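Owing to the predicted nature of the structure, the values given are computational and were not obtained by experimental measurement.
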Amino acid sequence: MPMLLPSIFEVWREGLAVPSQVERANFRASRNRRGLSGAVCIKMDDSFYMRRCVEIAKKAIGCTSPNPMVGCVIVKDGEIVGQGFHPKAGQPHAEVFALRDAGKLAENATAYVSLEPCNHYGRTPPCTEALINAKIKQVIIGMVDPNPIVASKGVEKLKASGIDVIVGVEEMLCQKLNEAYIHRMHTGKPFVTLRYSLSFDGRLLNHLGRGADQPGGYYSKLAQEYDGFVVSSGFLTGASAPPISLEPGASQPLHIIIARNMTSLHLPSAIADSSSRTVVIAEKSIHVEPKSEKVEIVFLEQMNLNSVLDYCGRRGLCSLVLDIRDDDGLELLEEGFVQKVVMELCPVWSGRREASLPFLGMKQRELKDLRLEVANESVLVEGYFS
């Protein structure tokens, strides 16, 4: 059955993408075709529907890797008649779920999809064939897929079948949605976010701010979103909980512990007993306690961030948090391998006399796309290396 687009109040209440003034000026109200008294249909522009694709794609945060998150909306006569998202690698793609939702109403409709539909057989059939078989008349795409197996081939297939195709609607928003996936496709390495906490006098802290690791806290959300957390062995003695997400239904990240110049390592119960798998990376033979099937020991000849990223890339990881809690973690930092920074400024004064954060191996660089947020009395600042 067709789904009526939400009113402005419903958009705000449900947390959906809010229409701009231009979109509101383009609204077209009409009676519902099913004859429901007082029901209103609203005509939005392409940007609104693409933002809706991104919103529903985010329902699968932390679940699709190494695949991207994708959302799809089917629109006919100004009504959303179907929508879907890719829930997990190996399961049907967003277009398939949206077409199932739309049923026969998909014929001569417009499909909005945040990422170019695939045109190859993998674990699932090509999405281009599903769109063609459903007799979709137009496909509007947020961005071309950077995967060389897909790149532009889906667009070409749809055009060759007579479907009108538009590419690049809300492209930056769609790129932001899958920044880690895009980075790995271009470089072969995982997308790396550097995270650390500072006191107000500029000292590195070995603990998180209040509520950060609780449900809804920024750290819990990072643990939901990222494939793995890289920490030093000194992290294990910190006061905070390990990198575990408490978000509903969250998949847990891989714990990657760098055991530099160590012959033995004792894992705290919070890590040993968690549902996450743990990889201990060492340069030489090391004894790890307690023993567990969830703990793997890996040896690397060179203990640096580049080698760690190569290893994680071979494991299929798309995104990593480099979680710095001590000076040992700082030794991992290398020029050019970090894409994003998340800094937590906590409302404490350390009183320590040693120098403030010495970022070894990192030259002065500018950050862009800065965003600031206050959470539980801490200030969160994030930005990207340009």
For the residue pair [X] and [Y], confirm or rule out a side-chain donor-acceptor distance under 3.5 Å.
{"X": "Lys88", "Y": "Asn67", "value": "no"}
{"X": "Tyr181", "Y": "Asp145", "value": "yes"}
{"X": "Tyr196", "Y": "Glu344", "value": "no"}

Interatomic distance, [X] atom [atom1] to [Y] atom [atom2] [nearest 0.5 angstrom]:
{"X": "His207", "Y": "Asp213", "atom1": "NE2", "atom2": "CG", "value": "12.0 Å"}
{"X": "Ile256", "Y": "Glu296", "atom1": "CD1", "atom2": "CD", "value": "10.0 Å"}
{"X": "Asp227", "Y": "Cys318", "atom1": "CG", "atom2": "SG", "value": "5.5 Å"}

Are [Y] and [X] co-members of a hydrophobic cluster defined by side-chain heavy atoms under 4.5 Å apart?
{"X": "Leu131", "Y": "Leu105", "value": "yes"}
{"X": "Leu173", "Y": "Phe48", "value": "no"}
{"X": "Leu198", "Y": "Val348", "value": "no"}
{"X": "Val338", "Y": "Ile258", "value": "yes"}
{"X": "Val54", "Y": "Ile56", "value": "no"}

Could you check whether any side-chain heavy atom of [X] comes within less than 4.5 Å of a side-chain heavy atom of [Y], counting everything from C-beta outward?
{"X": "Tyr384", "Y": "Ser386", "result": "no"}
{"X": "Thr110", "Y": "Ile136", "result": "no"}
{"X": "Pro347", "Y": "Ser378", "result": "yes"}
{"X": "Ser307", "Y": "Glu301", "result": "no"}
{"X": "Thr263", "Y": "Ile286", "result": "no"}
{"X": "Leu158", "Y": "Pro117", "result": "yes"}
{"X": "Leu194", "Y": "Ile324", "result": "yes"}
{"X": "Val295", "Y": "Leu267", "result": "yes"}

Give the intermediate values and the outcome of side-chain contact (heavy atoms from CB on, under 4.5 Å) for residues His255 and Ile244.
CA-CA 9 Å; His255 296 159; Ile244 294 173; 4.3 Å; yes
Exam field: side chain [X] to backbone [Y], donor-acceptor pair closer than 3.5 Å:
{"X": "His86", "Y": "Pro92", "value": "yes"}
{"X": "Thr193", "Y": "Val321", "value": "no"}
{"X": "Ser245", "Y": "Gln252", "value": "no"}
{"X": "Ser276", "Y": "Leu254", "value": "no"}
{"X": "Glu247", "Y": "Gly216", "value": "yes"}
{"X": "Asn178", "Y": "Met69", "value": "yes"}
{"X": "Arg52", "Y": "Ser47", "value": "no"}
{"X": "Ser220", "Y": "Gly217", "value": "no"}

Just list the side-chain donor-acceptor pairs under 3.5 Å for residues 367-376, sequence neighbours left out, or say none.
| from | atom 1 | to | atom 2 | distance (Å) |
| --- | --- | --- | --- | --- |
| Arg371 | NE | Glu382 | OE2 | 3.4 |
| Arg371 | NH1 | Glu373 | OE1 | 3.4 |
| Arg371 | NH2 | Glu382 | OE1 | 3.4 |
| Asn376 | ND2 | Arg210 | O | 3.2 |

Would you sort out whether Leu246 and Gln214 count as a side-chain contact (heavy atoms from CB on, under 4.5 Å), showing the intermediate values?
CA-CA 6 Å; Leu246 298 182; Gln214 298 304 303; 4.2 Å; yes
Examine Phe229 together with Tyr219 and report whether their ring centres are nearer than 6.0 Å.
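Centroid separation for Phe229 and Tyr219: below 6.0 Å.
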Do the rings of Phe191 and Tyr226 sit parallel, tilted or perpendicular, given the 30° and 60° boundaries?
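Correct class here is tilted.
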Crowding at NZ, Lys189 (>12 non-hydrogen neighbours, <6.0 Å)
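For Lys189, atom NZ is crowded (more than 12 foreign heavy atoms under 6.0 Å).
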Taking the cut-offs as 6.0 angstrom to the six-membered ring centre and 45 degrees off its axis, would you call Arg100 and Phe97 a cation-pi pair?
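Geometry flag: set, cation within 6.0 Å and 45°.
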